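Letters go in sequence order (proteins before strands), and every chain restarts at 1. Being a predicted model, the structure only gives us computed values, none of them experimental.
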There are 2 protein chains.
Amino acid sequence: MTKDLITKSKVERPRRRSRIREAHEAKILSVSEDIFAQFGYNGTTLDSIAESAGMSKQNMLYYFPSKEVLYLRVLAKILDLWLEKLVLLDQEGEDPATMLENYIRGKIELSRLHSSGSKVFANEIINGAPYLKSHLQSKLTPILEADVGLVRSWIADSKMDSVDPYHLFFVIWSSTQTYADFSTQIQVCLKKDQLDNEDFQVASDFLAQMILKGIGLRGSL
Amino acid sequence: MTKDLITKSKVERPRRRSRIREAHEAKILSVSEDIFAQFGYNGTTLDSIAESAGMSKQNMLYYFPSKEVLYLRVLAKILDLWLEKLVLLDQEGEDPATMLENYIRGKIELSRLHSSGSKVFANEIINGAPYLKSHLQSKLTPILEADVGLVRSWIADSKMDSVDPYHLFFVIWSSTQTYADFSTQIQVCLKKDQLDNEDFQVASDFLAQMILKGIGLRGSL
DNA sequence: GTCTATAAGGGGATAGAC
DNA sequence: GTCTATCCCCTTATAGAC
């Protein structure tokens, strides 16, 4: 307590985190995401991250005390971004078809804009989610339960086919994330070096149409 | 040449690979698959594989000269199993709906029975397929092209909706493989310790129904 | 905050006896 | 084919000067 007061009176500024610290931490987090995505946790070396961030490894360890701490920060950042998009409920007054279509298109957009983050997340889950499992249980499950309840109410109101809501979400998650996680395979199949905006457009049009029609929310176009 | 003759005359048996070699190689390959699946290439130690296989690391290196060679053998084994199931064409005389349904159910079955293999494969692709890319280009693409051509012919004959065949296969692959690759996440969502046969049954029923209906191959049940 | 130096340990791979 | 012993590099992390 006394310590806080002293610190404050001594420096005269509201921020206790220096500008350079903010910038360096942000830079490190950003390049870490790309490198963890490409090489996985164990395949990533602190040296490679430091080099991409333009500083020495020792200097980087001044900002993040260990590789594990850095990885956890990267994971947390991604998870928050993800969970934000998973909430189906916060679209007041829309009909089921529109809400689900927005959900699907939003997830594809996440794959397009945050493909590295998606890959880090995917690596973590495939390997049994050693760092993430408890967070998934505490944060993902409640959101999913709410969304599942909403779908159940639509089914009860005969607005759509009677399908298993959980598996509906699983197919939406997997089919949208594949455009990030498995982009290498998709590029090989489409014989392209990179997926462009049009590829993502075609993917989201197709997925929205097929899924909505598949659960009785839409006829043929 | 001379050497071959000598060897043959000396040992009097048709196999040049001893029984014990066969058994040990098979054991090593089998446990490697599980361990690579859980820890990824870099996270896997030769010690852990050797221990699971019941031999010393040095002994294991007698059968597989390096970690990389072992990994490539594991990958090759999985890829062959995969490609076998990807052929849509070899079902003479079936209608499109039945063929696609068999394809979907076959892929789910692969996820159920070879979940470790699927995870190794997924890890490899997410990380940019450094070892697998050329094989994908040479072996996967031709099979996919044939399947795509078949779907196009169905569309031309107005047997199904006019959808992009590539993206149709992408959604089938991703939504079926997710039950292997992302099993941890699915277990968390379903609040189960393991996915059982019934979960896979529900999943394949749901996916077959939703996808077929979604592309105009089936009405509501 | 950044640098040089270095500790400490892990893990892939080889040599050679048996 | 299997074992003991060992090499050697890579990588994380710390110590301490500036």
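- Counting only distance, with no hydrogens or angles, the side chain of B/Thr178 and the backbone of B/Ser174 share no donor-acceptor pair below 3.5 Å.
- Note: CZ (B/Phe64) to P (C/dA13) measures 14 Å, nearest angstrom.
- In this entry the distance linking CZ of B/Phe36 with P of C/dG12 reads 9 Å, nearest Å.
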Show your reasoning for whether side-chain hydrogen bond (donor to acceptor under 3.5 Å, both in side chains) applies to A/Gln91 and A/Asn102. CA-CA 9 Å; A/Gln91 307 178 45; A/Asn102 289 342; 3.0 Å; yes

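- In this entry the distance linking CE of A/Met55 with C1' of C/dT4 reads 18 Å, nearest Å.
- Which of D/dC3, C/dT2, C/dA13 sits closest to the side chain of B/Lys67 comes down to C/dA13.
- Following rounding to the nearest Å, B/Asp47 (CG) and D/dT6 (P) show an atom-to-atom distance of 17 Å.
- Nucleotide D/dG16 holds its C1' atom 15 Å from the CG atom of A/Asn59, rounded to whole Å.
- Minimum atom distance to the side chain of A/Leu46 is reached by D/dA13, of the listed C/dT2, D/dA13, C/dG12.
- Taking atom OH of residue A/Tyr41 and atom C1' of nucleotide D/dT11, one finds them 12 Å apart after rounding to whole Å.
- An OP1 or OP2 oxygen of D/dA13 is reached within less than 4.0 angstrom by no side-chain nitrogen or oxygen of A/Tyr62.
- When heavy atoms are screened at a 4.0 angstrom cut-off, B/Thr44 is found touching the sugar-phosphate backbone but no base atom.
- A donor-acceptor contact closer than 3.5 angstrom links the side chains of A/Asp205 and A/Gln201.
- The aromatic rings of B/Tyr131 and B/Tyr71 sit perpendicular to each other, their planes meeting at more than 60°, with 30° as the lower class boundary.
- To the nearest angstrom, C1' of C/dC3 lies 13 Å from OH of A/Tyr63.
- The phosphate of D/dT2 has neither OP1 nor OP2 within less than 4.0 Å of any side-chain N or O from B/Ser56.
- When distances run from any side-chain atom of A/Leu61 to the nucleotides C/dC3, D/dA13, C/dA13, the shortest one goes to D/dA13.
- Taking every side-chain heavy atom of B/Gln58 into account, D/dC3 is the closest of D/dC3, C/dT2, C/dT4.
- Between A/His167 and B/Phe206, the ring planes lie tilted relative to each other; the angle falls in the 30° to 60° range.
- Residue A/Ile20 has its side chain nearest to C/dT2 when only D/dA13, C/dT2, C/dC3 are considered.
- Position along DNA chain D of the nearest nucleotide to A/Gly43 versus A/Pro65 favours A/Gly43 as the more 5'-ward residue.
- Between the CD1 atom of A/Ile35 and the P atom of D/dT11 there is a distance of 13 Å, given to the nearest Å.
- For B/Lys57 and C/dG11, a side-chain-to-base donor-acceptor distance below 3.5 Å is absent, hydrogens and geometry of angles not being considered.
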